[in-house]
Novice: 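Take a look at this one; I'll ask things after.
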Amino acid sequence: MFEPVIAPSASLVGLLQRGRGDGQLHALAADRDEAVEALETCVTHDPRVDWQVENRSLYYARLYMELEAPLTGIERHLHAPDDTLDQDEARTGLALSVLGHLAAYGRRDALDLLRGYVAAGWNWAWALDELALRDDDRALLELAPAVLGRFPAGPEGDAELRAALRAAYEPRPWRLWAAHHPRVAAAGEQSPFDLWQRQLNRGGVTPGWSTVDVLAWADLPEGDPADPEAAARRAAAAARCLAAVVRPEDRPAVLEAARNGRLGARSAALRHLVDQQDPAVAELIEAAAADVDERVVAAALSVLGRMRGPQALADARRWADPATGGADSALGEAAVRLLADAGEAADGPLVVDALRRWISVRGTEGAGLATLVDGARRLAAAAAVPALRHVYGETVSSELRGRAARALAVTDPHFAEGPAVECLWDCEESTRELAARHVTTTGDVRVLERLRRLAADPAEEAEVHAAVRVRLTSRERP
């Protein structure tokens with residue numbers, strides 16, 4: 001599946017792709033056909049960096065309702081030939097979730113589309129989960145023959161049926177069908193035993209009960225040898241085992257593994273020594289961070305973030321000191337992220353400098369940027385406001401934008417009458433909640449009207465409802 005092209009942040013499509021509040025406001029003020037086209041582009045080409053932590057479906061569904069937009073674009077997308085060729089949930093998941101919200105708002109055409117897709121679409125299970133929350137019993141019962149027809153009679157088909165039942169997020173349709181279809185009832189009875197049997201038959205080599213055995217086990221391959229996450233999982237598990245088996249007399253062996261061991265043992269030993277706050281760990285991390293093997297460097301930098309205590313912060317400040325040039329090194333960057341997580345107020349300038357440098361070199365994306373944004377908030381670094389505003393406006397990730405908004409609420413004295421107003425329309429419920437708690441309710445006529453609409457919307461999250469109602473009922477409104 002091709003990644004979508006993200007439009008500039010100042011364009012209508014770019015604002016909608018990012019899920020920004022200004023996207024909805026601009027769409028309502030734009031030519032309707034242009035707005036509907038931009039909306040369809042977003043829904044049929046999921047723009048999210050990570051759909052598991054970013055919300056868009058309610059945001060887009062609300063805009064469909066505001067624009068009274070037709071669903072022809074979604075229908076073409078769901079029933080395109082790619083539906084059978086590109087079997088990736090990300091291709092249709094967003095569109096199905098939007099239809100689910102529209103069905104909850106009373107759009108009959110959305111309900112019909114979901115029913116039709118359950119009968120004919122590849123990602124039928126997702127559509128069925130959406131219907132499970134919104135459709136009536138009679139309509140769900142009518143879908144049973146189409147769904148059960150996907151599983152041929154016989155042991156293989158019955159096993160696939162049990163797997164589909166276990167994978168369902170919403171069990172309501174299956175419980176309804178079990179009362180009328182013996183195959184579903186039998187699958188529901190057998191499914192727990194399948195899970196129990198898989199747990200009993202779980203294979204794999206377990207480590208022996210000694211430090212040497214655990215370190216040797218850490219070096220065994222797990223899964224795909226080219227998968228760095230498999231090695232990291234094995235090293236983390238080995239480090240937990242070391243915490244149980246290492247004795248004082250085993251420390252030299254652990255130090256040797258951390259200094260010269262193979263990748264798995266070295267990673268596990270480094271993590272164990274960090275967790276034990278061993279006095280030798282700073283020197284060992286420095287050596288590993290300078291290794292020619294990039295995997296060893298990555299392991300060293302990942303465990304650095306677990307360091308805690310006064311000595312760890314002192315080492316981090318030394319590594320991140322711009323006077324030594326360390327700030328530009330991978331070790332220096334990781335050290336600044338440690339200061340962002342656990343440093344003191346005096347570390348604020350280092351975190352702000354690192355945030356500016358990250359934006360200058362890498363833009364507004366990347367896993368480490370969120371740590372720096374959170375650090376600016378935790379340290380109340382007012383000097384970070386321009387950088388935080390840039391991240392807020394430019395990032396494609398709505399989850400990261402929410403972090404930037406939370407940081408601005410602490411550092412920017414103009415947040416309440418500025419970004420907080422836009423945040424009331426944001427795609428992330430946590431960002432809308434933040435805005436409801438901070439926004440100035442005087443001076444902008446849109447604010448109170450938006451708060452009232454959020455309070456009356458049954459699709460809104462409970463946390464947002466609570467924050468909005470507190471503001472609406474408060475006698476003193478800033």
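Note that the structure is predicted; figures quoted are calculated from it, not measured. The basis for the numbers below is simple: all heavy atoms, side chains too, and nothing from hydrogens, waters or symmetry mates.
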Novice: Over all heavy atoms of both residues, which pair between Leu131 and Leu140 is shortest? Give the atoms and the distance, please.
Specialist: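 Taking every non-hydrogen atom into account, CB-CD2, 4.1 Å.
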Novice: Counting N and O atoms only, with roles assigned by atom type, does the side chain of Arg377 sit under 3.5 Å from a partner on the main chain of Ala405, one being a donor and the other an acceptor?
Specialist: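 No; zero donor-acceptor contacts below 3.5 Å.
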Novice: Would you please say whether a donor-acceptor pair under 3.5 Å links the side chains of Trp425 and Gln24?
Specialist: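 No - no donor-acceptor pair under 3.5 Å links their side chains.
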Novice: Do you know the tightest heavy-atom contact between Arg401 and Cys427?
Specialist: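 Distance-wise, the nearest heavy atoms are NH2-SG, 3.6 Å.
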Novice: Give a yes or no answer on whether the side chain of Arg32 reaches the backbone of Glu68 with a donor-acceptor pair at less than 3.5 Å.
Specialist: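 Yes; judged by distance alone, with no hydrogens or angles, the pair exists.
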Novice: Quick check against the 3.5 Å criterion: does Arg48 have a side-chain atom that pairs as donor or acceptor with the backbone of Glu54?
Specialist: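 At least one qualifying donor-acceptor pair exists.
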Novice: Look up atom CD in Gln17 and atom CD1 in Ile6, then write down how far apart they are to the nearest 0.5 Å.
Specialist: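 CD1 of Ile6 is found 4.0 Å from CD of Gln17.
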Novice: Between Arg271 and Leu242, is there a side-chain heavy-atom distance shorter than 4.5 Å?
Specialist: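 No, their side chains stay 4.5 Å or more apart.
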Novice: Between Cys423 and Leu434, is there a side-chain heavy-atom distance shorter than 4.5 Å?
Specialist: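 No, their side chains stay 4.5 Å or more apart.
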Novice: Any non-hydrogen side-chain atom of Thr44 less than 4.5 Å from a side-chain atom of Leu78?
Specialist: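 In short, these two side chains do not touch, never coming nearer than 4.5 Å.
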Novice: Determine whether Arg357 and Asp353 make a side-chain contact, defined as any pair of heavy atoms from C-beta on separated by less than 4.5 Å.
Specialist: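 Yes, their side chains come closer than 4.5 Å.
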Novice: Is it the case that more than 12 heavy atoms not belonging to Glu170 sit under 6.0 Å from its CD atom?
Specialist: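 More than 12 heavy atoms, drawn from other residues, nucleotides or ligands, come within 6.0 Å of this atom.
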Novice: Charged N to carboxylate O under 4.0 angstrom, Glu344 versus Arg317?
Specialist: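 Yes.
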Novice: Below 4.5 Å, heavy atoms only, C-beta onward: do Met307 and Leu304 meet side chain to side chain?
Specialist: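 Counting from C-beta outward, Met307 and Leu304 do come under 4.5 Å.
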Novice: Backbone N or O of Glu75 within a donor-acceptor pair of the His79 side chain at under 3.5 Å?
Specialist: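 Here the side-chain-to-backbone pair does not exist.
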Novice: Measure from the side-chain N and O atoms of Gln277 to the backbone N and O of Gly309, and report whether any donor-acceptor pair falls under 3.5 Å.
Specialist: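 Judged by distance alone, no pair lies under 3.5 Å.
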Novice: Salt bridge or not between Glu463 and Arg437? Use side-chain N to carboxylate O under 4.0 Å.
Specialist: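 No.
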Novice: So does Arg403 pair up with Glu399, basic N to acidic O under 4.0 Å?
Specialist: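 Answer for the salt bridge query: yes.
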Novice: Determine yes or no for a side-chain-to-main-chain donor-acceptor pair under 3.5 angstrom, with His390 supplying the side chain and Gly363 the backbone.
Specialist: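 Judged by distance alone, no pair lies under 3.5 Å.
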Novice: So, Glu365 side chain and Val396 main chain: donor-acceptor pair closer than 3.5 Å or not?
Specialist: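 Looks like yes, one N/O pair under 3.5 Å.
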Novice: Between Asp457 and Arg453, is there a salt bridge with N-O shorter than 4.0 Å?
Specialist: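 No.
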Novice: Is there a side chain to side chain contact (heavy atoms under 4.5 Å, CB included) between Leu96 and Asp129? Walk through the geometry before answering.
Specialist: CA-CA 10 Å; Leu96 295 171; Asp129 284 333; over 6 Å; no
Novice: Nearest 0.5 Å, what's the CG-CZ distance between Asp341 and Arg306?
Specialist: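 Reported value, rounded in 0.5 Å steps: 12.0 Å.
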Novice: In the structure I gave you, are the side-chain heavy atoms of His465 and Leu454 within less than 4.5 Å of one another anywhere?
Specialist: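 In short, these two side chains do not touch, never coming nearer than 4.5 Å.
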Novice: Inspect the contact between Asp426 and Arg20 and indicate whether a charged nitrogen and a carboxylate oxygen are less than 4.0 angstrom apart.
Specialist: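 Judged by the 4.0 Å cut-off on N to carboxylate O distance, Arg20 and Asp426 do not form a salt bridge.
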Novice: Return the CD to CH2 distance between Glu333 and Trp319, rounded to the nearest 0.5 Å.
Specialist: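 It comes to 14.5 Å.
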Novice: State, yes or no, whether a side-chain contact exists between Glu40 and Tyr64 at a heavy-atom distance under 4.5 Å.
Specialist: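 Heavy-atom side-chain distance check passes, below 4.5 Å.
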Novice: Could you state the interatomic distance from CZ (Arg471) to CZ (Arg452), rounded to the nearest 0.5 Å?
Specialist: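 Reported to 0.5 Å precision, the distance equals 12.5 Å.
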Novice: Among side-chain atoms of Ser398 and Arg56, is any donor-acceptor pair under 3.5 angstrom?
Specialist: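 Present: a donor and an acceptor within the cut-off.
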Novice: Within this structure, what is the CG-CZ distance for the pair Asp275 and Arg308, rounded to the nearest 0.5 Å?
Specialist: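 CZ of Arg308 is found 10.5 Å from CG of Asp275.
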Novice: Indicate yes or no: at least one non-hydrogen side-chain atom of Val410 is less than 4.5 angstrom from one of Arg378.
Specialist: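 No. Closest side-chain heavy atoms not under 4.5 Å.
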Novice: Using a strict 4.0 Å threshold on nitrogen-to-oxygen distance, state whether Arg62 and Glu460 make a salt bridge.
Specialist: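 Here Arg62 pairs with Glu460 in a salt bridge, since their nearest N and O are under 4.0 Å apart.
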Novice: Give the C-alpha distance, both sets of side-chain angles, the deciding distance and a yes or no for side chain to side chain contact (heavy atoms under 4.5 Å, CB included) between Glu417 and His414.
Specialist: CA-CA 6 Å; Glu417 66 268 18; His414 303 291; 3.2 Å; yes
Novice: Spell out, as yes or no, whether a donor-acceptor pair under 3.5 Å connects the side chain of His26 to the backbone of Asp22.
Specialist: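 Yes; at least one donor-acceptor contact below 3.5 Å.
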Novice: Determine, step by step, whether Asp444 and Val439 satisfy the side chain to side chain contact (heavy atoms under 4.5 Å, CB included) criterion, reporting the C-alpha distance in whole Å, the side-chain angles of both residues, the deciding distance to 0.1 Å, and the verdict.
Specialist: CA-CA 10 Å; Asp444 191 330; Val439 69; over 6 Å; no
Novice: Give a yes-or-no answer on whether the side chains of Trp126 and Ser97 include a donor-acceptor pair shorter than 3.5 Å.
Specialist: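 Yes, a side-chain donor-acceptor pair sits under 3.5 Å.
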Novice: Under a 4.0 Å N-O cut-off, is there an ion pair linking Asp374 with Arg406?
Specialist: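 No salt bridge links Asp374 with Arg406.
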Novice: Once the angle between the rings of Trp124 and Phe151 is folded into 0 to 90°, is it parallel (under 30°), tilted (30 to 60°) or perpendicular (over 60°)?
Specialist: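 It falls in the perpendicular class, over 60°.
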Novice: Does Val391 offer a backbone N or O that forms a donor-acceptor pair with the side chain of Thr395 under 3.5 Å?
Specialist: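 Judged by distance alone, no pair lies under 3.5 Å.
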Novice: Donor-acceptor check, side chain of Asp82 to backbone of Leu85, threshold 3.5 angstrom: yes or no?
Specialist: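 A pair under 3.5 Å: no.
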Novice: For a side chain to side chain contact (heavy atoms under 4.5 Å, CB included) check, start with the C-alpha distance between Arg134 and Leu114, then their side-chain angles and the critical distance, and finish with the verdict.
Specialist: CA-CA 11 Å; Arg134 283 108 182 174; Leu114 285 171; 5.9 Å; no
Novice: Could you tell me which non-hydrogen atom of Thr431 sits nearest to which non-hydrogen atom of Gly402, and how far apart they are?
Specialist: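 In terms of heavy atoms, the two residues are closest at OG1-CA, 3.4 Å.
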Novice: Minimum heavy-atom separation for Arg115 and Ala139, please, with both atom names.
Specialist: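 That closest heavy-atom pairing would be NH2-CB, 3.5 Å.
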Novice: Using every non-hydrogen atom in the two residues, find where Ala110 and Leu102 come nearest and quote the distance to one decimal.
Specialist: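 Closest pair (atom of Ala110, atom of Leu102, distance): CB-CB, 3.7 Å.
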Novice: What are the two closest non-hydrogen atoms of Val352 and Ala384, and how far apart are they?
Specialist: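 Heavy atoms only, the tightest pair is CG2-CB, 3.8 Å.
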Novice: Hey, what do you get for CG (Leu176) to NE2 (His181), rounding to the nearest 0.5 Å?
Specialist: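 Rounded to the nearest 0.5 Å, the CG-NE2 separation comes to 10.0 Å.
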Novice: What's the verdict on side-chain hydrogen bond (donor to acceptor under 3.5 Å, both in side chains) for Asp83 and Tyr117, showing C-alpha distance, side-chain angles and the deciding distance?
Specialist: CA-CA 10 Å; Asp83 190 58; Tyr117 190 78; 2.6 Å; yes
